[in-house]
Number of protein chains: 2
Amino acid sequence: MTAAKHQVTRSAGRRTGGRAGIRDVAAAAGVSITTVSDALNGKGRLPDATRRHVRSVADRLGYRPSAAARTLRTGKSGLIGLTVTTYGEEPFTFTEFAYFAEMARAATSAALARGYALVILPAASQHRDFDVWSNVALDGTVVIDPSDHDPVVTELVRQGIPVVSDGRPGGSLPVTAWVDNDHEAAVTNLLDHLATAGARRIGLLTGTSTDTYTRLSTTAYLHWCERHGQDPVYEAYPAHDPCAGAVAADRLLARPDRPDAVYGLFDPNGTDLLAAARRYGLRVPDDLLVVCCSESSVYASTEPPITTLSLKPGRIGTTVIQLLIDAIEGQSGRAEAHQVMPTELIVRASSQRIGRSPRRVPSATVVAPRTPPAADQ
Amino acid sequence: MTAAKHQVTRSAGRRTGGRAGIRDVAAAAGVSITTVSDALNGKGRLPDATRRHVRSVADRLGYRPSAAARTLRTGKSGLIGLTVTTYGEEPFTFTEFAYFAEMARAATSAALARGYALVILPAASQHRDFDVWSNVALDGTVVIDPSDHDPVVTELVRQGIPVVSDGRPGGSLPVTAWVDNDHEAAVTNLLDHLATAGARRIGLLTGTSTDTYTRLSTTAYLHWCERHGQDPVYEAYPAHDPCAGAVAADRLLARPDRPDAVYGLFDPNGTDLLAAARRYGLRVPDDLLVVCCSESSVYASTEPPITTLSLKPGRIGTTVIQLLIDAIEGQSGRAEAHQVMPTELIVRASSQRIGRSPRRVPSATVVAPRTPPAADQ
DNA sequence: GTGAAAGCGCTAACAG
DNA sequence: CTGTTAGCGCTTTCAC
């Protein structure tokens, strides 16, 4: 019979290099390849006996379905791209280390839970980088801090691949959805906290780049100052330069109109400010209140412990992935979705003039910022 | 003609959803699909004119070759798995945060430079996790800190997929190659440094887990003590628990045989020790010398700045990728390769009793540890 | 219930 | 130098 001949041909001719194919399993189990496919994928309505038999044979042969073939056939790879926009030479920086690490960890975890894996891809600064992007079959992509006219995002969307961004896209980037913190509310809330703690002139350590985070936070600061009749006192520096932060912190405290409280937008600003304060003989929090935006746990045990604003990157990563996979699996025609996530102010000794004690601060006090819509979980 | 009919059939019947296929390009350019393939991949010896023409048509049509099809056909996906063994609930922790982040950054960068992308995959603790692994076509895999009998590694090797590990594999794990630091040399060198700085009794903050890093470092410490006639003074704690480190640091300094110098194996130990020292009124470095293994830059601006041992994760990541891609592209029959990489002791104020100054330590002094073979770059 | 056959989009032999 | 053809290994109608 033709069938038999076919099987023989395949078995004899397997150049698969030792790895068993679906045909080998079918032959060994004495069924057709359709049955094998159905049995292994839980499709069709086969008798349980057949299903078990096929599975045991497949196991015995050490059969692994070919991901490439499955992808080609079904059009889904189970792969999600992850990229972060950079402002430098490297294909991607991990400025805000802890933020990225935690965001990526949560995203990876959430993706895996739904059967997807993340592929780390470069921000397409170089033309060469495009090659890698089109060499991998992506079901969707996560972009962290997309730049206003990201060519990769544009291209992906054109191809009909869903893109969800961490950080609201500037310009008219056509992302499928985005997730972001309510940066204005967070900064406003934080400045109120400092004012309550007795700050009269609050300074800001900000960045020179034009990304949304920096822009929104700075604007919120300026508005707050305006509303409270305070002259803005700030220093801006290139956030990707590790040394520039220390210099900027120093400059801020060297000013004639030296602030009595400072908020630093970037992770290392806390230690930078502490070091600068020591150089000027300023005691924290007695002479200077300090707060910075950070996900790092080192600020729990600095001297003194420093109050931090957490953007809750884990929650963001999880949400981004949920939105993305929903878009991948659902009908992609839905309206543009976005979700604004709450932040968390972790109050420690550096921003409290009263009740300062040499003991450890009991445990992180959490002040929920006044967050508007927010969402599930 | 058959050809013409074929083309018409395809054009009419493209269910590709708007995306152009290689046939569309061929039709539009008036050549065969082979010519298109060759023109785009720089194969064959076509006239430059044809090549350019085909390329321009492809561009105009927005043609993107299907990665899935290419992978199926060629057997190479351009994808490399990245996984880190964990000791907890999460599919992967980023203990030693900065270490992992930097290692991954360098590895990603090195891979991209050679046209590969990294896929983040879970340590296979759960059975469910196996699914994801076999759902992605991998050309090779990087494993960080492989556990002694990692089932995923075993399975991959069985399938003939190259695996390179960061950290020498314990047991008889059959990895293709590995890269590691010379931990014994690093620790020995570091202890010598402390002794030279005047330490009489050096304590160790170590971990309870049995991974190679912890084991080798601890052993080196014990041997050093033996050689120098010092009683070992150490506390071990579960390294993945963020609070346990602070407690262990405290316990170490509370001992009756309190050490006058401490080396902490894990990243947060520096701040933990500093905090504990403050609680006991110990001045660093006057009463206590402190060193920890860390990649974090915060230790440059703590008070005082802390001497750290850097494992140079960037170099390790790069090397791991080079070895892996060489194995993927070369004939895989080569002998098991391994490479031992140097570490770097960054000496700061916390380990120097003389010359202590309120100024910043000029700049990181680098002491090359006595490293044996080492290698290229 | 089970099997045969038709491709997914591409690359690599091999003809012309 | 260019075109035709045969699959890569799988899923999926559609007959039986």
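Naming: A, B, ... by sequence-line order, numbering from 1 per chain. Scope of the values below: all heavy atoms of this structure, side chains included, with no hydrogens, waters or symmetry mates.
In this structure, Thr71(B) reaches neither bases nor backbone, as no heavy-atom distance under 4.0 Å exists between it and the strands shown.
Side chains of Ser32(A) and Thr35(A): a donor on one and an acceptor on the other come within 3.5 Å.
Here the closest non-hydrogen pair linking Leu323(A) and Ala177(A) is CD1-CB, 4.2 Å. Of all non-hydrogen atoms in Ala106(A) and Gly314(A), the two that sit nearest each other are CB-O, 3.2 Å. Gly81(B) and Leu138(B) make their closest contact through N-CG, 3.7 Å (heavy atoms, listed as atom of the first residue, atom of the second, distance).
For the atom pair Gln159(B) CD and Glu155(B) CD, the distance stands at 4.5 Å (nearest 0.5 Å). Annotation: the span from Asp145(B) atom CG to Thr83(B) atom OG1 amounts to 10.5 Å, rounded to 0.5 Å.
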*asked:* At under 4.0 Å between heavy atoms, how does the protein contact nucleotides 10-16 of chain C? Give one character per nucleotide, 5' to 3', with B, S or -.
replied: BBBB---
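Each of Val142(B), Val143(B), Leu82(B), Val136(B) was checked for a side chain to side chain contact (heavy atoms under 4.5 Å, CB included) with Leu121(B), and the lone residue meeting it is Val136(B).
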*Check step by step if side chain to side chain contact (heavy atoms under 4.5 Å, CB included) holds for Tyr116(A) and Leu324(A).*
CA-CA 11 Å; Tyr116(A) 289 77; Leu324(A) 182 57; over 6 Å; no
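Remark: P of dC8(D) and NZ of Lys76(B) are 17 Å apart, rounded to the nearest angstrom. The CG-C1' distance, from Leu40(B) to dG9(C), rounds to 13 Å in whole Å.
End-to-end axis angle of the helix from dG1(C)-dC16(D) to dG16(C)-dC1(D), using five pairs per end and rounding to 10°, comes to 40°.
For the OP1/OP2 pair of dG3(D) and a distance below 4.0 Å, the side-chain nitrogens and oxygens of Thr35(B) include at least one atom meeting the criterion.
Residues Leu72(A) and Pro47(B) both approach DNA chain D. Their nearest nucleotides, taken by heavy-atom distance, put Pro47(B) toward the 5′ side.
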